[in-house]
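Note that the numbering runs from 1 along the sequence shown for the chain.
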Amino acid sequence: MTKSKTIVSNTPRPPYYSVILTVAPGEDLSGYHEMTEEIIQAASEQEGFLGIESAEDELGIIVSYWDSLASIEAWSRNAFHQFAKSKGKSIWYQKFRTRICKVEHEY
């Protein structure tokens with residue numbers, strides 16, 4: 001699904017928040033990789049963004065890290081992000097789930 005490099009984000013000391021997107025890819029992924037790179041770039045410019053990690057096999061898992069729930073909410077209202085989500089729902093994903101978690105500890 002994604003062509004991103006394998007990188008473990010260097011997050012600050014907790015607490016902070018993560019948004020976990022789990023997707024089952026559809027048949028047609030045309031334009032997906034390009035959109036992924038663009039959306040990661042746009043997110044990295046959003047206030048409160050801390051980093052992103054992804055993994056894929058039969059499922060795609062993308063975890064983004066944020067300094068606050070307010071930052072996550074602001075990102076969810078971003079017009080480009082809304083456009084990308086709508087393409088994911090209508091074209092690229094058979095099924096998906098988004099979860100938001102508070103990171104209280106890490107080691």
Between the CG atom in Leu59 and the OH atom in Tyr93, the distance rounded to the nearest 0.5 Å is 12.0 Å

- Might you confirm whether atom CD of Glu27 has over 12 heavy atoms from other residues, nucleotides or ligands at distances under 6.0 Å? no

Margin query: If hydrophobic clusters are built by linking Ile, Leu, Val, Met, Phe, Trp and Tyr wherever their side-chain heavy atoms come under 4.5 Å apart, do Tyr65 and Val19 end up in the same one?
Written below: no

On a heavy-atom basis, the closest approach of Ser64 and Phe49 is CB-CE1, 4.4 Å

By side-chain contact (heavy atoms from CB on, under 4.5 Å), Asp28 pairs with (sequence neighbours left out) Ser30, Ile91

Item to complete: Determine, using the 4.5 Å side-chain heavy-atom cutoff (strictly less than), whether Leu29 and Phe96 are members of one ILVMFWY cluster.
Response: yes

Name the atoms and distances for all side-chain donor-acceptor pairs under 3.5 Å in residues 71-87, with sequence neighbours left out.
residue: Ser71; atom: OG; partner: Asp67; partner atom: OD1; Å: 2.6
residue: Ser71; atom: OG; partner: Ser68; partner atom: OG; Å: 3.1
residue: Glu73; atom: OE2; partner: Arg77; partner atom: NH1; Å: 3.3
residue: Trp75; atom: NE1; partner: His81; partner atom: ND1; Å: 3.4
residue: Trp75; atom: NE1; partner: His81; partner atom: NE2; Å: 3.4
residue: Ser76; atom: OG; partner: Glu73; partner atom: O; Å: 2.7
residue: Asn78; atom: OD1; partner: Phe80; partner atom: N; Å: 2.9
residue: Asn78; atom: OD1; partner: His81; partner atom: N; Å: 2.9
residue: His81; atom: ND1; partner: Trp75; partner atom: O; Å: 2.9
residue: Gln82; atom: NE2; partner: Ser76; partner atom: O; Å: 3.3
residue: Ser86; atom: OG; partner: Phe83; partner atom: O; Å: 3.4

Query raised in the report: Between Glu53 and Val63, is there a donor-acceptor pair closer than 3.5 Å when you use the side chain of the first and the backbone of the second?
Result: no

Rounding to 0.5 Å, atoms CZ (Arg97) and CD1 (Ile61) come to a distance of 13.5 Å

Salt bridge (Lys or Arg N to Asp or Glu O under 4.0 Å) pairs touching residues 11-20, sequence neighbours excluded, are none

One should read off an interatomic distance between Ile39 CD1 and Gln46 CD, to the nearest 0.5 angstrom, of 10.0 Å

Sorted by chain and residue number, the side chain to side chain donor-acceptor pair (under 3.5 Å) partners of Gln41 (sequence neighbours excluded) come out as Glu45

Under 3.5 Å: donor-acceptor pair, side chain of Thr98, backbone of Leu21: no

Interatomic distance, CD1@Ile20 vs CD1@Ile62, rounded to 0.5 Å, equals 12.0 Å

In residues 99-107, what donor-acceptor pairs under 3.5 Å come from side-chain atoms, sequence neighbours left out?
residue: Glu106; atom: OE1; partner: Thr11; partner atom: OG1; Å: 3.1
residue: Glu106; atom: OE1; partner: Tyr16; partner atom: OH; Å: 2.3

